[in-house]
Trainee: 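The structure is given below, and queries will be raised subsequently.
All heavy atoms count here, side chains included; hydrogens, waters and symmetry mates do not. Below, chain A is the first sequence line, B the second, and so on; all start at residue 1.
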Protein chains: 2
Amino acid sequence: MAVTEPHTEPHVDTREALLDAAEKLFSEHGIQASSLRMITQQAGANLAAVHYHFGSKEGLVRAVFARRLRPLEEERLRLLVACDEAGEAGVEQVLAAFVAPLLRRVRETPEGGQDFARLMGLAFMEPSEELRSMLLEEFRTTADRFIAGLHERLPHLSRQEMIWRFHFSAGAMAHVVSCSQMVERFSAGLCKCGDHESLLRYLVVFLASGLKAPATMGAELQGEPA
Amino acid sequence: MAVTEPHTEPHVDTREALLDAAEKLFSEHGIQASSLRMITQQAGANLAAVHYHFGSKEGLVRAVFARRLRPLEEERLRLLVACDEAGEAGVEQVLAAFVAPLLRRVRETPEGGQDFARLMGLAFMEPSEELRSMLLEEFRTTADRFIAGLHERLPHLSRQEMIWRFHFSAGAMAHVVSCSQMVERFSAGLCKCGDHESLLRYLVVFLASGLKAPATMGAELQGEPA
DNA sequence: GTCTATATAGCGATAGAC
DNA sequence: GTCTATCGCTATATAGAC
C-alpha cells in the first residue's frame with residue numbers, strides 16, 4: 001500500500017491509450033469519421049485529454065502516424081545498410097529489406113494486423129494536405145536510398161524508369177497489405193492474407209522480376225541517355 | 001426571347017452538376033469532409049436538391065462512383081474479349097486492356113486528371129462498409145475475368161499465385177495512378193505524371209515481367225497441385 | 001493532469017410553400 | 001423540382017473547478 005496515490009490509476013499512460021484508441025478507430029472508420037468523443041471513450045479518457053496531450057485532433061493524427069512510421073523507416077534503412085555491407089546482396093535482398101519490416105509489423109499487430117495495415121493504406125490516400133506533407137517527408141529519405149540501392153544493382157535502367165519501377169513496387173506492396181482482406185474475399189478464401197510468409201516470397205519474386213525486366217524502349221521523351 | 005421560361009436556367013442538369021461537384025470535392029477533401037452544403041454550393045444548387053435526386057448523402061456517393069466505374073469496367077471487359085477473339089494476344093495485351101482504359105480516363109479528365117485518379121484511390125481505401133461492398137461487386141466480375149484471361153496465358157502458375165500476382169498488378173496500377181503527384185514530387189519532376197503514354201509502357205513492361213516470372217517455390221502451404 | 005460544463009459551429013435530413 | 005426555414009444532433013475546442 002505505502003504512499004502510492006490511490007485515486008489516479010492511469011491506464012499505464014493516458015497518452016499511449018489515446019494513441020492506441022485513435023489508431024484502432026482510424027483504421028476502422030477513417031480519420032475524419034473518428035470523433036474525439038469516440039476516441040476518448042475507447043481510451044477510457046476524458047474528452048479534454050486529447051487537447052491537453054496533443055493540442056488538437058490534427059496533433060493526435062500526426063502522433064498516431066509518427067509512432068508507427070518512424071521505427072518502420074528506421075528498420076528498413078538498417079536492413080538496407082546491412083545489404084550494402086554484405087556486398088553480395090541482390091535485388092531480392094534489397095526488396096526484402098523494404099517489404100519485410102512492414103509485413104512483420106502487420107503480422108505482429110493484434111487483431112489480425114488489419115489495424116496497422118489499413119492505417120498505412122490510409123496514409124497514402126489521406127486528403128489532408130498537412131498530414132500528407134508530413135508523411136511525404138517521412139517517406140522521402142527511405143525512398144531515395146532504396147531507389148539508389150536498387151539502381152546500383154540495375155544499372156541498365158534510366159533514372160526515370162528506376163524511379164517509376166520503385167513506385168510500382170511500393171504500390172503493389174501497399175495495396176496488397178492494406179487490401180489483403182479484399183483479396184481473400186475475391187479469391188473465396190484461397191489466398192490467405194494471414195500467411196505472410198508465403199505472401200513475402202510471392203511478392204519478392206514478382207517485384208524482382210519486374211524490376212529486372214529489360215529497359216522499356218521508346219518511352220523516354222526527354223533526353224535521358226541511360 | 002420567345003416563350004422560354006426566364007426563371008429556371010438549369011445548369012444543363014442539376015443532377016449532373018451535383019455529381020460533378022461531389023466528385024471534385026470528394027477527390028480534394030475526401031468523402032466525409034465534403035459536406036452537402038459545400039457540394040450544393042459548388043454545384044450552384046440548393047441543399048435540398050441532394051435529397052430530392054439521391055435520397056441521402058450515401059446515395060450521392062454511390063452515384064458518383066457508379067457513374068465512373070461502370071463504363072470503365074465495361075471498356076476493360078470489351079478489350080479483354082477483343083484479346084481473346086484476336087487469338088494472338090499475349091500477357092502484355094491483356095495487361096494493356098486492364099490498364100489503358102483507366103489511364104485514358106485520367107488523361108481525359110479536366111484539371112490534369114487528378115480528380116478522377118484520386119477518386120479511384122479513395123475507392124479502395126474508403127472505410128464505409130456499404131460503399132466498399134458496392135465497389136467490391138463492381139470490381140468482382142472484371143477481376144475474375146482478367147485473372148482467368150491471364151491464367152490461360154500463364155499456365156505455369158498455381159491459381160493461388162495467379163490471384164496474388166493479379167492483385168500485385170492492380171495495386172501497382174492503382175497506387176501510381178492515384179499518387180502520381182507524389183511520384184513527381186519525389187523525383188523532383190523527372191517523372192512527369194502527365195506523360196501517360198510512357199507510363200503505360202513502363203507499367204506494362206514491369207507487370208508483364210512480374211507476371212511471367214517462374215512460379216515461387218515452397219510458398220504454397222495448402223496442397224494446390226498446379 | 002483530469003474533470004464538468006459549455007461555447008460556437010457545422011452537420012444531414014425534412015416539412016411545406018411555391 | 002426548387003426553395004426557405006428549421007429540427008435534432010454532433011463536432012472541435014476551451015474555461016475553469018478540483
Trainee: Could you list the residues that satisfy side chain to side chain donor-acceptor pair (under 3.5 Å) with A:D144, not counting sequence neighbours?
Mentor: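 So A:D144 forms no side chain to side chain donor-acceptor pair (under 3.5 Å) with any residue.
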Trainee: Please report, rounded to the nearest Å, how far the P atom of C:dC11 is from the CD atom of A:Q32.
Mentor: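 After rounding, the reported distance stands at 11 Å.
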Trainee: Does the protein touch nucleotides 13-18 of chain D at the base, only the backbone, or not at all? Give it as B, S and - per nucleotide, heavy atoms under 4.0 Å.
Mentor: BB----
Trainee: Report the residues that fulfil side-chain contact (heavy atoms from CB on, under 4.5 Å) with A:E75, sequence neighbours left out, ordered by chain and then residue number.
Mentor: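 Only A:R78, A:L79, A:P101, A:R104, A:R105 meet the side-chain contact (heavy atoms from CB on, under 4.5 Å) criterion with A:E75.
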Trainee: Grab the NE2-P distance between B:H53 and C:dA13 for me, whole Å please.
Mentor: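 Rounded to whole Å, this separation is 16 Å.
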Trainee: B:I39 CD1 to C:dA13 P: how many Å, rounded?
Mentor: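 Roughly 11 Å, once rounded to whole Å.
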Trainee: How would you list, by chain and number, every residue that makes a side-chain contact (heavy atoms from CB on, under 4.5 Å) with B:S178, sequence neighbours excluded?
Mentor: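 Listed in chain order: A:M125.
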Trainee: For C:dT4, take OP1 and OP2 only and decide whether either is under 4.0 Å from a side-chain N or O of A:N46.
Mentor: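 A:N46 to C:dT4 OP1/OP2: side-chain N or O found under 4.0 Å.
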Trainee: Taking only residues two or more places apart in sequence, or in another chain, which ones meet B:Q32 in a side-chain contact (heavy atoms from CB on, under 4.5 Å)?
Mentor: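 Only A:Q32, A:A33 meet the side-chain contact (heavy atoms from CB on, under 4.5 Å) criterion with B:Q32.
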Trainee: May I ask you to verify if any side-chain N or O of A:S35 is less than 4.0 angstrom from the OP1 or OP2 atom of D:dA11?
Mentor: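 Yes, because at least one side-chain N or O of A:S35 sits under 4.0 Å from OP1 or OP2 of D:dA11.
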Trainee: Taking CZ from B:F54 and C1' from C:dG12, how many angstroms apart are they, rounded to a whole number?
Mentor: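 Computing the B:F54:CZ to C:dG12:C1' distance gives 16 Å.
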Trainee: Can you list the residues that meet the side-chain contact (heavy atoms from CB on, under 4.5 Å) rule with A:E74, with sequence neighbours excluded?
Mentor: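 With neighbours one apart ignored, the set is A:R70.
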